[in-house]
Amino acid sequence: VSKKIFENQINYLKENFEVISINEIHQKKNKKRRVVITFDDGYFDNLKNALPVLEKYNCPATIYIATSFLDNKVIPWWLLIWKIISSQKKLNLNKKIINITEQKDKKNCYEMLCKKLISLNKNQQDIIINGLIDTHIIEKDNTKEFLSSIDLASLGKNNLIEIGCHTHTHQNLKVLNKEEIHDEIINSKNILEKIVKKKINHFSIPYGSKTCFDE
C-alpha cells in the first residue's frame, strides 16, 4: 500500500467511523460505528510512512511486534523466499528443478512454499530456507525492513501508538506445544516491556488465521 493510498484509507475511516484506541474497545461512547487500526510484525514503514498520516488525522493505532525481527536481526521467511524466487528463473527445491521464468510461475511457486512453510515450526522452516539459500545466489540487501529498538522506544512514547506482542519468532502456534507457546509470548512481552518501559497488554496471533491457533 502506497503512502497516498494509505492516507486515502485513513481519511475514509475518519469520515465514516469513530477511530479508537484498542484500549477503548469496551467503552461505548456513541452510536457511530467504531474501528481499531492495527499493524503486524513491526515493519519500519509503520514509522516512516504510516505514523505521519496517523498523526495528521489524529488516529490511534496498535503495532504488534515480532521481537526477533527488531533491528533486522532476523528476516522472516516470506521475505527471503520471495527474494530468492523473484531473482531466479529456476528453483532447486529438494533436488527438483521448478521452472519460474514467468511471473505467474513465480507467484504460484511462492504460494506453494508459503502454504508449506506456514504449517511448519521454525526449525523445519530453517532447513528448507537454508537449503534454498545454499543452492541459489542472492544479492545482499541492506534495506531496513523492520523497526530498530530505538525506533520502537520512540513509538512507545507516542500517545497515538499502542505497542502489542506478536510472539518472538512469528511461528504458527498450532504446531507448537504449550511450553513453546508460553516462551514465544512471554519472551516477546519481556523484550518489549524492557524497550518501551511500560506494560504490554495486547497480543496478536501470528498469521491471524484459525488454522494457526487452538482455542
query: Can you say whether the rings of Y110 and W82 are parallel (under 30°), tilted (30 to 60°) or perpendicular (over 60°)?
result: perpendicular
field: Minimum side-chain heavy-atom gap W77-I118 below 4.5 Å
entry: yes
- prompt: Step by step, would you call C114 with I81 a side-chain contact (heavy atoms from CB on, under 4.5 Å)?
  reply: CA-CA 9 Å; C114 282; I81 63 170; 4.1 Å; yes
message: Restricting to side-chain hydrogen bond (donor to acceptor under 3.5 Å, both in side chains), what partner residues turn up for N159, sequence neighbours left out?
response: none
query: Given T143 and N72, is the side-chain contact (heavy atoms from CB on, under 4.5 Å) satisfied, shown in steps?
result: CA-CA 9 Å; T143 302; N72 293 272; over 6 Å; no
message: Are more than 12 heavy atoms, taken from residues, nucleotides or ligands other than D134, located less than 6.0 Å from that residue's CG atom?
response: yes
Gap between atom CG of N8 and atom CG of L13 - 0.5 Å precision: 11.0 Å
message: Within the 4.5 Å heavy-atom criterion, are N172 and P206 side-chain neighbours or not?
response: no
- prompt: Below 4.5 Å, heavy atoms only, C-beta onward: do C59 and K14 meet side chain to side chain?
  reply: yes
Side-chain donor or acceptor of K197 paired with backbone N/O of K194 under 3.5 Å: yes
message: Could you work out, with side-chain hydrogen bond (donor to acceptor under 3.5 Å, both in side chains) as the rule, every residue matching K144, not counting sequence neighbours?
response: D151
- request: Step by step, work out the side-chain contact (heavy atoms from CB on, under 4.5 Å) result for I65 and I195.
  value: CA-CA 12 Å; I65 307 292; I195 294 172; over 6 Å; no
- request: For K106 and Q88, indicate whether the former's side chain and the latter's backbone hold a donor-acceptor pair under 3.5 Å.
  value: yes
query: Is a donor on one side and an acceptor on the other found under 3.5 Å between the side chain of K189 and the backbone of C165?
result: no
Side-chain heavy atoms of K107 within contact of E111, under 4.5 Å: yes
query: Would a 4.5 Å heavy-atom cut-off, applied to side chains only, mark L152 and L192 as touching?
result: yes
Let me check something: any side-chain donor-acceptor pairs from residues 36-54 under 3.5 Å, sequence neighbours excluded? List them with distances.
residue : atom : partner : partner atom : Å
D40     : OD1  : S204    : OG           : 3.4
D41     : OD1  : H166    : NE2          : 3.1
D41     : OD1  : H170    : NE2          : 3.1
Y43     : OH   : W78     : NE1          : 3.0

- prompt: Is it true that a side-chain atom of S87 and a backbone atom of K83 form a donor plus acceptor pair closer than 3.5 Å?
  reply: yes
query: K73 side chain to S68 main-chain N or O, any donor-acceptor pair under 3.5 Å?
result: no
- request: Tell me, with the steps shown, if T167 and L173 meet side-chain contact (heavy atoms from CB on, under 4.5 Å).
  value: CA-CA 9 Å; T167 74; L173 300 184; 4.1 Å; yes
- prompt: Any chance the side chains of E180 and N121 put a donor and an acceptor closer than 3.5 Å?
  reply: no
task: Using atom types as modelled and distance alone, determine if a side-chain donor or acceptor of N177 lies under 3.5 Å from a backbone N or O of E179.
output: yes
task: Indicate yes or no: does E7 engage K56 in a salt bridge with an N to O separation below 4.0 Å.
output: yes
Between H168 and T67, a side-chain donor and acceptor under 3.5 Å: yes
field: F17 side chain reached by Y12 side chain, heavy atoms, under 4.5 Å
entry: yes
- line: Exactly one of I100, N99, I97 clears side chain to side chain contact (heavy atoms under 4.5 Å, CB included) with L91, and that residue is I100
field: Under 3.5 Å donor-acceptor, E184 side chain and T169 backbone
entry: yes
